[in-house]
Amino acid sequence: MKVILRLIALAVVLVVAVFGDAISYIFPQTYCDVIEINWGIVIPTDGGYSLEISADSGASFNGDGTRYHVMYFDDAERISYLLGWSDEIPESYIEYSEQLLDELDINYKPDYESCVFYTQTKSDGSVILIFWDENLQEMYVVEEFF
């Protein structure tokens, strides 16, 4: 009887563990979790993090559209070493970012001259632009999905 109870308890623990992982993938806890799922970029939130601005172009059937988020981080040094930041932002990326933010009717934009920059593109043409202002400790994330 004890063996059966132990097997049932083990089965329950395994089901909860697997189900918990599935739930966290389907329903991410933070926007940084969403970035990890969509782009494979792990942004640490355990050092203090808050989502300051969140905007998107609205729901669509295919999930395409534009998203914009501004996040504040208490641990600026940790974020500063997070990605292969570029000190120079190509003018074409600034123009692209401005176009997307204007379409979302966003007034709170990065001060590009104070930011470092990272970008990634998927095979379907989807793009993420990340601007990091270490002085303000703010990360500006612009995404366009196709």
Counting heavy atoms not belonging to Glu88, are there more than 12 under 6.0 Å from its CD? no
Has Gln137 got a side-chain atom pairing as donor or acceptor with Phe73's backbone, closer than 3.5 angstrom? yes
With side chains defined as the heavy atoms from C-beta onward, is the minimum distance between Val141 and Ile128 less than 4.5 Å? yes
So, for Asp56 and Leu104, which heavy atoms are closest and what is the spacing to 0.1 Å? C-CD2, 3.5 Å
Measuring from atom CD1 of Ile89 to atom CG of Leu129, what distance do you get when rounded to the nearest 0.5 angstrom? 9.5 Å
Between His69 and Leu51, is there a side-chain heavy-atom distance shorter than 4.5 Å? yes
Does Tyr93, at its OH atom, have more than 12 non-hydrogen atoms belonging to other residues, nucleotides or ligands within less than 6.0 Å? no
State, with a plain yes or no, whether a side-chain heavy atom of Pro110 is found less than 4.5 Å away from one of Leu101. yes
Taking every non-hydrogen atom, the tightest pair across Glu77 and Glu134: CA-OE2, 4.4 Å
Contact between Glu95 and Gln99 at the side-chain level, heavy atoms closer than 4.5 Å - yes or no? no
Would Met71 and Glu52 count as a side chain to side chain contact (heavy atoms under 4.5 Å, CB included) here? Give the steps. CA-CA 5 Å; Met71 297 169 280; Glu52 304 292 316; 6.0 Å; no
Does the pair Trp132 and Ser80 meet the rule for a side chain to side chain contact (heavy atoms under 4.5 Å, CB included), with working shown? CA-CA 8 Å; Trp132 169 243; Ser80 294; 3.0 Å; yes
With side chain to side chain contact (heavy atoms under 4.5 Å, CB included) as the test, would you mind laying out the steps for Val127 and Phe145 before giving the verdict? CA-CA 7 Å; Val127 176; Phe145 291 95; over 6 Å; no
Glu103 atom CD, over 12 foreign heavy atoms within 6.0 Å: yes
Please determine which of Tyr68, Tyr140, Trp85, Phe117 meets the ring-ring contact (aromatic ring centres under 6.0 Å, His included) test together with Phe131. Phe117
Minimal non-hydrogen separation, Tyr112 against Ser97, with atom names: OH-OG, 2.9 Å
Closest non-hydrogen atoms of Lys122 and Trp39, given as atom of the first, atom of the second and distance, are CG-CZ3, 3.4 Å
Calculate, to the nearest 0.5 Å, the distance between atoms CD and CD1 belonging to Gln120 and Ile41 respectively. 4.5 Å
Is the shortest heavy-atom distance from the side chain of Met139 to the side chain of Val70 under 4.5 Å? no
Is the shortest heavy-atom distance from the side chain of Pro44 to the side chain of Asp75 under 4.5 Å? no
Can you tell me how far the CG atom of Asp64 sits from the CZ atom of Phe146, to the nearest 0.5 Å? 8.5 Å
Would you say that more than 12 heavy atoms from the other residues, nucleotides or ligands in this model lie under 6.0 Å from the CG of Asn107, or not? no
Please name the pair of heavy atoms, one in Gly47 and one in Asp74, separated by the smallest distance, quoted to 0.1 Å. O-CB, 3.3 Å
Taking the side chain as every heavy atom from C-beta outward, state whether Arg67 and Val34 have any atom pair closer than 4.5 Å. yes
Please report the interatomic distance SG(Cys115) to CD1(Ile94), rounded to the nearest 0.5 Å. 9.0 Å
Taking Tyr96 as the starting point, is it possible to reach Ile106 by hopping between hydrophobic residues whose side chains are less than 4.5 Å apart? yes
Report the distance from atom CD1 of Ile130 to atom CD1 of Ile35, rounding to the nearest 0.5 Å. 5.5 Å
From Ile53 atom CD1 to Glu138 atom CD, the distance as rounded to the nearest 0.5 Å: 7.5 Å
Aromatic ring proximity Tyr72/Tyr49, centre distance under 6.0 Å: no
Within-4.5 Å side-chain heavy-atom neighbours: Glu144 and Thr121: no
Val142 and Tyr118: same hydrophobic cluster, using ILVMFWY side-chain contacts below 4.5 Å? no
